[in-house]
Undergrad: 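The following block contains the structure, expressed as structure tokens.
These numbers were taken from a predicted model, which means no experiment stands behind them. Every chain is numbered from 1, with letters handed out A, B, ... down the list of sequences.
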2 protein chains.
Amino acid sequence: MSSMATMPDETAVFGEPKYWQLRTSLLKAIDEDFNSGDILPNERDLAARFGVARATLRHALEQLELEGRLVRKRGAGTTVAGPRVDVSLGADGEGWPGVDLRDREVIDCATVPVTDEFADTLKGRPSALVHRLRRRQFSMRQVVGLECLYVSRAVVPSLSTRVPNFERASLMLRQLRGHRLEGRHRAVELAVAEAEEARYLERPPGTAVLVVTTTYTALGRTAAVTVATYRADTCRLAFAEAGPTALRPAS
Amino acid sequence: MSSMATMPDETAVFGEPKYWQLRTSLLKAIDEDFNSGDILPNERDLAARFGVARATLRHALEQLELEGRLVRKRGAGTTVAGPRVDVSLGADGEGWPGVDLRDREVIDCATVPVTDEFADTLKGRPSALVHRLRRRQFSMRQVVGLECLYVSRAVVPSLSTRVPNFERASLMLRQLRGHRLEGRHRAVELAVAEAEEARYLERPPGTAVLVVTTTYTALGRTAAVTVATYRADTCRLAFAEAGPTALRPAS
DNA sequence: CAGTGGTCTAGACCACCAA
DNA sequence: TGGTGGTCTAGACCACTGA
């Protein structure tokens, strides 16, 4: 965990930018000579060792951080990341969003005006109200994601006030599960965390995140929508498609 | 599409880095004053207009490109991106990987030694052989992804040689579908495109991609694995979960 | 060929963390 | 308080595109 060769790297391809060759060298080094949690030399030393400007070295480190191979912390240092965490999306999710509260922390649960982006999918009527439950999701004591559930008042008329957030959330989810789920649709895309979102994920703004948007249908309409945001560097989204019985014969 | 205000931006938050405020300003501008395909002023002009160094402006543009809001082309210019393309993962995929060849182009189909990463999942025995089919996926005449399917020789003993790639692929897929699919597992994660991958996707190395790994079970074993790579900037992965019948009652 | 984005440098200062 | 990563600058040169 100390050597870290500096040779021009026999595998270097001319015509490829320096920062990319550098990334490749570093990747090889952390695979071979380092373990999860090991601390890398600081950026100024590394840059000097490879004979490049600090900015060039940083470009390489940024790539590796995006790939989830490094963790950089301001003021502290750069360490080798552990393997990605599997976030299961389908185990309890064969139906309505999880009431299952393990590894979940309620941030708040309230009735709010719909955001523009959901005005059409959720209710149509602008300036209407919806219930919003925000939760933080953990895995191995680590924050991995932020989940925001919007529920139409057509399926859950009103929220009990005067009870703590946590109970209000439980009651809402119970009412939701009272309905028969008629359909579900999911989409995954890449985004970057805005300021507030980033704070909840304990990351700087601009961090790459995987956004999972799930639409739930009940009573012949869109009953709820969840927007779940996961740290792209540390998470792998696992869609466990239950057992054999869930699969249909090829058409 | 011409103005692009330069004011310090009344919404600017002190304490936030310049490049982030800049990103916010630019995002607002492209939402309000630009349409898909519009060309932005060049980087040197933009930097001057906002009174920052070119590197700082570029930092902001990089964020917006990662978010899929801008398309930058070396030598050409920077344009405003269109909406993301929905890539359906589940329509034909309720079972084996698609034989459906619309919007798919066969790159090659051959029997090759297993890669280390699949040695355990696919066959266990090192230096064993598997069949590999590589295809490029299009949507709206645009390259959106690269699909690599590995098939164990336990389910498809041998490939017909002496026929074109395309036919060889068809025959292999037909044999695959002959088996009863017993289970499937999917995972999605973020990665960056390596050199070769990047070429197929018509992007520079280091481009962010969404990797979908699907494992197929048949004959009581892992029969096949596909690794599909999609451009993270232009794609949204849609998991259409068929109709109501596919859903089970809440347990 | 002129103009664009892409790479790289050398240096400065700042914000943060841990000892 | 010293060392870390984060931000920003000003300038240079290169690789590519399109007229």
Side-chain angles (χ1 to χ4, degrees), chain A residues 8 12-24 26 37-66 69-81 192-193 195 198-199 202-207 233, chain B residues 8 12-24 26 37-66 69-81 192-193 195 198-199 202-207 233:
Chain A
V13 180
F14 287 111
E16 271 190 345
K18 258 189 208 172
Y19 78 87
W20 188 255
Q21 299 175 22
L22 207 45
R23 166 202 169 264
T24 307
L26 289 168
D38 283 356
I39 303 174
L40 254 59
N42 74 56
E43 299 185 348
R44 290 163 179 86
D45 283 355
L46 273 181
R49 225 187 284 196
F50 284 97
V52 299
R54 194 178 152 215
T56 305
L57 175 85
R58 279 182 58 81
H59 198 162
L61 295 183
E62 276 154 22
Q63 290 281 342
L64 291 168
E65 187 177 37
L66 185 66
R69 303 302 306 263
L70 293 179
V71 180
R72 299 150 90 200
K73 263 182 80 176
R74 184 197 202 103
T78 301
T79 58
V80 176
V192 304
R199 267 198 310 279
E202 297 171 357
R203 294 260 70 199
T207 304
D233 56 346
Chain B
V13 179
F14 288 111
E16 270 189 349
K18 259 190 207 171
Y19 77 88
W20 188 255
Q21 299 175 22
L22 207 46
R23 167 205 168 263
T24 307
L26 289 168
D38 285 355
I39 303 174
L40 253 59
N42 74 57
E43 298 183 349
R44 289 163 180 86
D45 283 356
L46 273 181
R49 224 187 286 196
F50 284 98
V52 298
R54 195 180 151 213
T56 305
L57 174 85
R58 281 181 57 80
H59 198 162
L61 295 184
E62 276 153 23
Q63 290 280 344
L64 292 168
E65 187 177 37
L66 184 66
R69 303 302 305 262
L70 293 180
V71 179
R72 297 150 92 201
K73 260 182 81 177
R74 182 196 203 107
T78 301
T79 59
V80 175
V192 304
R199 267 198 310 280
E202 297 172 356
R203 294 261 71 200
T207 305
D233 55 345

Undergrad: Ala76(B) near the nucleic acid: base, sugar-phosphate alone, or nothing, with a heavy-atom cut-off under 4.0 Å?
TA: sugar-phosphate

Undergrad: Does Arg74(A) get its side chain close enough to the base of dG3(D), under 3.5 Å, for a donor-acceptor pair?
TA: no

Undergrad: Starting at the 5' end of DNA chain D and moving along, which residue's nearest nucleotide shows up first, Lys18(B) or Arg44(A)?
TA: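 The 5'-side residue here is Arg44(A).
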
Undergrad: Within the structure provided, determine whether Thr78(A) and Ile39(A) are in side-chain contact (heavy-atom separation under 4.5 Å).
TA: no

Undergrad: Nearest-Å distance, CG (Asp45(A)) to C1' (dG3(D))?
TA: 11 Å

Undergrad: Any carboxylate oxygen within less than 4.0 angstrom of a Lys/Arg side-chain nitrogen, looking at Arg203(A) and Glu65(A)?
TA: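 A salt bridge is present here (some side-chain N lies under 4.0 Å from a carboxylate O).
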
Undergrad: Do Arg72(A) and Thr79(A) come close enough that some side-chain heavy atom pair is under 4.5 Å?
TA: no

Undergrad: Roughly how many Å is it from CG in Leu46(A) to P in dT4(D), rounded to a whole number?
TA: 11 Å

Undergrad: Which residue, Lys73(A) or Thr56(A), contacts DNA chain C at a nucleotide closer to its 5' end, judged by nearest heavy atom?
TA: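 Here Thr56(A) is the residue nearer the 5' end.
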
Undergrad: So do the side chains of Leu61(B) and Glu43(B) get within less than 4.5 Å of each other, counting heavy atoms only?
TA: yes

Undergrad: Just the rounded figure in Å: distance from C1' of dG5(D) to CZ of Arg203(A).
TA: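 For the pair Arg203(A) CZ and dG5(D) C1', the rounded distance is 12 Å.
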
Undergrad: Atom CG of Leu61(A) to atom C1' of dT4(D): distance rounded to whole Å?
TA: 13 Å

Undergrad: Please identify the 5'-most and 3'-most nucleotides of DNA chain C with any atom under 4.0 angstrom from a heavy atom of chain A.
TA: dT7(C) to dC17(C)

Undergrad: Does Gln21(A) use its side chain to pair, donor to acceptor, with the backbone of Glu16(A) at less than 3.5 Å?
TA: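 Yes, Gln21(A) side chain to Glu16(A) backbone: donor-acceptor pair under 3.5 Å.
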
Undergrad: Atom CD of Glu62(B) and atom CG of Leu57(B): how far apart are they, to the nearest 0.5 Å?
TA: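 Going from CD on Glu62(B) over to CG on Leu57(B), the span is 9.5 Å.
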
